[in-house]
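Along the sequence shown, the residues carry numbers beginning at 1. Reckoned from all heavy atoms, side chains included, excluding hydrogens, waters and symmetry mates. Being a predicted model, the structure only gives us computed values, none of them experimental.
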Amino acid sequence: MFHGLSAFPLTPLKEGKFDERAFTRLLAPLVEAGVDSLGVLGSTGSYAYLTLGERAQIARCAVEHANGIPVMVSIGVLRLDDILRLADEAQAAGAAGVLMAPVSYQRLTADEAFSLYERVTRQLSVPLCVYDNPATTGFEFSRELMMAVAALPNIGSVKFGRVPEDVSQLRARLPAGVTMGISGDWQAASALQAGFDVWYSVIGGLFPQTAIAIVRAQDSAPSDRLEPLWALFRQYGSLRVMAAAAEMAGKVTAPALPFPLQALSGEPRQRLAAIINELALA
């Protein structure tokens, strides 16, 4: 499942509670477009703000409405017993894979991070995607640690936050069967051209056809034209931008994000509306 376009939709809320109807509305065009997989409850899905019960419900809902498309579910949380519970519930729901960043209030050491992945992978019956997201977690994988974690049983993919200079050397060190994925949508085209296997895409969770065009392109032109949107991502965060886009499109009820997070407002929101109109995103 760790190839092509993995689309990460928002987890919409309504009056602070999971809005299942809006969520299924977000999933429908992704399924219709034929994305390669769905990534639910990642950073775009606001997983850290939701209860364990809500996360289990969302995982079941995603699998139910995926129409056979593989679903990857984030299981990152502070406590080990909660991680294992989320893993069990994701697997029971029919998830094809799970995603985990090294979430911790105290910044982890390399040994602690390795022990975490070693412990969790022992309980899995589906593959795990390792999420290197230092901007959020405050923890950054060294090359040595990443190779050690990637060699654990049940590791299926690594989600990188940037494109390394030595992609071919990195791939040669990864175990056979472990794919290379990119996040940070503005980097996707260059990563795919450099030989990455999968794009873990925020924009794909709302505008799947636009993301599919980037994946299929032989050059960076489809991505380059989105630079005004990428600039908003870099300045305000992709979650706030996509939440505003979904609200303006009537896909979700405002406010759709968990408090105190807020979608774009004021002048940036007006700029986003102009960009969506000019680029004919739909």
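Annotation: Y49 is not in aromatic contact with Y47 [ring centroid separation under 6.0 Å not met].
Looking at D197, its side chain does come within 3.5 Å of a backbone N or O of M180 through a donor-acceptor pair. A donor-acceptor distance shorter than 3.5 angstrom exists from the side chain of D185 to the backbone of I203, with no hydrogens or angles considered. Here the side chain of R240 pairs a donor or acceptor atom with the backbone of Y236 at under 3.5 angstrom. Using a distance-only test at 3.5 Å, with no hydrogens or angles considered, no donor-acceptor pair links the side chain of E112 to the main chain of L108. The backbone N or O of V252 lies less than 3.5 Å from no partner atom in the side chain of E247, so there is not a single donor-acceptor pair. Between the R225 side chain and the L279 main chain, a donor and an acceptor come within less than 3.5 Å of each other. Not one N or O on the side chain of R162 forms a donor-acceptor pair closer than 3.5 Å with the backbone of Q187. Judged purely by atom type and a 3.5 angstrom limit, R269 uses its side chain to pair as donor or acceptor with the backbone of L264. At distances below 3.5 Å, not a single donor-acceptor pair connects side-chain atoms of Q193 with backbone N or O atoms of S190. With hydrogens and angles ignored, the 3.5 Å screen pairs a side-chain donor or acceptor of T51 with a backbone N or O of E54.
Using a cutoff of 4.0 Å between basic side-chain nitrogens and carboxylate oxygens, E64 and R60 are not scored as salt-bridged. A salt bridge is defined here as a Lys NZ or Arg NE, NH1 or NH2 lying under 4.0 Å from an Asp or Glu carboxylate O, and D166 with R143 meets this definition.
In this structure, E165 places its CD atom where only 12 or fewer heavy-atom neighbours from other residues, nucleotides or ligands lie under 6.0 Å away. Atom CD of E32 is surrounded by 12 or fewer heavy atoms from other residues, nucleotides or ligands within 6.0 Å. Heavy atoms of other residues, nucleotides or ligands lying less than 6.0 angstrom from CG of D224 number more than 12. Under a cut-off of 6.0 angstrom, the local environment of CD in E118 is crowded, with over 12 non-hydrogen atoms contributed by other residues, nucleotides or ligands. Atom CZ of R234 sits in a crowded spot, with more than 12 heavy atoms from other residues, nucleotides or ligands closer than 6.0 Å.
Hydrophobic cluster of Y131: the remaining members, joined at side-chain heavy-atom separations below 4.5 Å, are M1, F2, F8, M72, L99, V198, Y200, listed by chain and number.
When all heavy atoms of P29 and P208 are compared, the closest pair comes out as O-CG, 3.8 Å.
Rounding to the nearest 0.5 Å gives a distance of 5.0 Å between CG of L84 and CZ of R119. The distance from the OG1 atom of T11 to the CG atom of D19 is 11.0 Å, given to the nearest 0.5 Å. Annotation: the span from D111 atom CG to L116 atom CG amounts to 12.5 Å, rounded to 0.5 Å. Q262 contributes atom CD, which lies 12.0 Å from atom CG of L239 (distance to the nearest 0.5 angstrom).
Using modelled atom types, one finds no donor on one side chain facing an acceptor on the other under 3.5 Å when comparing N133 with T137. For the residue pair Q123/N154, the side-chain donor-acceptor check at 3.5 Å is not satisfied.
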CA sep, side-chain torsions, deciding dist, call: L128, Y117, side chain to side chain contact (heavy atoms under 4.5 Å, CB included): CA-CA 9 Å; L128 180 144; Y117 282 95; 3.9 Å; yes
E20 vs Q57, side chain to side chain contact (heavy atoms under 4.5 Å, CB included): CA-CA, chis, key distance, verdict: CA-CA 9 Å; E20 182 170 341; Q57 177 188 2; 3.5 Å; yes
Stepwise side chain to side chain contact (heavy atoms under 4.5 Å, CB included) check, V149 with L152: CA-CA 5 Å; V149 171; L152 290 169; 4.3 Å; yes
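For W230, the ring-ring contact (aromatic ring centres under 6.0 Å, His included) criterion is met by F233, not counting sequence neighbours.
Counting only residues at least two apart or in different chains, ring pair (Phe, Tyr, Trp, His ring centres under 6.0 Å) contacts with residues 79-105 are absent.
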